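As a basis for the values below, the full set of heavy atoms in this structure was taken, side chains included, without hydrogen atoms, waters or symmetry mates. Because the structure is a prediction, the values reported are computed rather than measured. We count ligands from 1, going down the list as the structure has it; atoms in each ligand are counted the same way.
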Amino acid sequence: MDISVTKADKLKDHPSDSGLGFGTIFTDHMFNMDYNPEKGWHNARIEPYGNITMSPAMMTLHYGQAIFEGLKAYRTPEGGVQLFRPMDNFRRMNRSAEMLCIPQIDENFVMKALLKLVDMERAWVPSAAGTSLYIRPFIFATDPYIGLKASSTYRFCMILCPVGAYYPEGFNPVKIWVTRDYVRAVRGGVGRAKTAGNYAASLYATELAHKDGYTQVLWLDGVELKYVEEVGSMNIFFKLGDEIVTPELNGSILSGVTRDSVIAMAKSWGMKVSERRIAIDEIFEAHAKGELKEVFGSGTAAVISPVGNIKYHEKVIDIGNGSVGPTASRLFSELMDLQYGKIKDPFGWTVPVTPA
Ligand code: COI
């Protein structure tokens with residue numbers, strides 16, 4: 001399939017790198033393609049970034065049949081641009097698509113489209129420390145129909161957004177809040193899919209966490225309300241003694257690309273890393289015994305985010321006395337150095353965006 005290109009008549013002013021926040025500024029162009037049962041995915045096009053016209057009956061608006069991904073393009077010290085594990089995102093998108101009854105995409109084709117789009121928008125990739133170009137691929141159901149079924153038509157889009165830190169705290173420790181009153185996902189549900197509804201389901205408890213002065217919710221499993229799952233926008237890691245532990249992928253946790261990178265990187269340093277069930281009580285007991293050394297989250301948007309406090313059942317534990325632990329610090333700096341092309345990539349994770 002060819003990718004047609006329509007250039008924007010007027011290009012936008014670029015923001016200054018230093019004041020970048022997250023998710024509000026979009027580049028000049030976007031990628032779109034459509035699906036119908038007759039033609040499959042078709043009409044692949046790069047065109048000016050702009051609003052989408054939709055029917056008020058569009059199925060996504062009513063039943064949430066929508067999936068998305070998040071990845072980033074980084075500015076290298078030589079002025080080049082590179083992506084981090086993009087195929088892992090497209091593979092995960094297909095796994096999410098399967099769960100949401102959305103047709104599969106051709107991973108190699110969307111990769112080609114992404115390289116073309118990022119190449120066109122390369123001037124938008126910021127270069128200040130900690131900044132990048134966030135890439136949001138997404139697919140949504142477009143049938144104008146309000147009966148409940150899987151849509152027969154879809155739109156796939158990719159939009160780009162120059163960003164700074166996701167959390168206002170930056171790399172300073174965030175505070176997380178554990179609840180037994182609400183769950184994000186249940187056994188047999190769509191917890192492992194990156195689908196809009198999982199994020200919508202997290203909002204109410206997150207509002208309660210904010211009211212209590214906490215940044216994010218740490219979700220427990222939806223069956224026994226006992227085992228740690230993930231945080232609102234990231235996976236979670238604990239350092240117990242010398243070992244790093246993280247919840248195993250049990251079907252209701254998102255298999256984060258950054259999570260996988262953290263595991264591989266820490267193992268390559270000779271650290272012991274276990275993926276297993278972790279009871280929240282075990283974390284509080286480890287803290288009481290002085291064995292809980294560090295807690296941090298991982299995610300594309302969040303990168304590595306140290307956790308300084310956890311509140312559960314009116315009990316608050318402080319981790320690291322407000323400072324960032326050595327493992328989170330090392331992961332943060334080595335992962336970023338690798339993503340930004342400042343060090344050699346022994347894992348084969350980075351993909352250069354070569355100019356056309
Ligand atoms: C990401 O980290 O890329 C995500 O998709 C999380 C989102 C809530 C910003």
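- Between atom 4 (C) of ligand 1 and the options Lys72, Met234, Glu69, Lys194, the minimum heavy-atom separation is to Lys194.
- When each atom of ligand 1 is checked for a heavy atom of Tyr134 under 4.0 Å away, the hits are 1 (C), 3 (O), 4 (C), 5 (O).
- By the 3.5 Å distance cut-off applied to N or O atoms, Ala301 is counted among the residues near ligand 1.
- Of all the heavy atoms in Gln104 and Glu98, the pair that sits closest is NE2-N, 3.7 Å.
- For Phe22 and Tyr134, the ring centers are positioned less than 6.0 Å apart.
- Hydrophobic clustering (side-chain heavy atoms under 4.5 Å, transitive across Ile, Leu, Val, Met, Phe, Trp, Tyr) groups Leu115 together with Ile46.
- In this structure, Phe156 has its ring center at least 6.0 angstrom away from the ring center of Tyr35.
- Of all protein heavy atoms, the one lying nearest to atom 7 (C) of ligand 1 is Arg136 NH2, 4.0 Å.
- Neither the backbone nor the side chain of Gln216 has a heavy atom within less than 4.0 Å of ligand 1.
- Interface atoms of ligand 1 facing Phe68, defined by a heavy-atom separation under 4.0 Å, are 5 (O).
- With hydrogens and angles ignored, the 3.5 Å screen pairs no side-chain donor or acceptor of Thr258 with any backbone N or O of Val303.
- The distance from ligand 1 to the heavy atoms of Tyr166 drops below 4.0 Å at these ligand atoms: 8 (C), 9 (C).
- When ring centroids are compared, Phe68 and Tyr199 come within the 6.0 Å threshold.
- Applying the 4.0 Å criterion to heavy atoms of Ser233 picks out, from ligand 1, the atoms 8 (C).
- Under a 4.0 Å criterion applied to the non-hydrogen atoms of Gly70, ligand 1 contributes the atoms 3 (O).
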Show your reasoning for whether salt bridge (charged side-chain N to carboxylate O under 4.0 Å, His left out) applies to Lys149 and Asp143. CA-CA 10 Å; Lys149 67 166 182 79; Asp143 277 6; 2.9 Å; yes

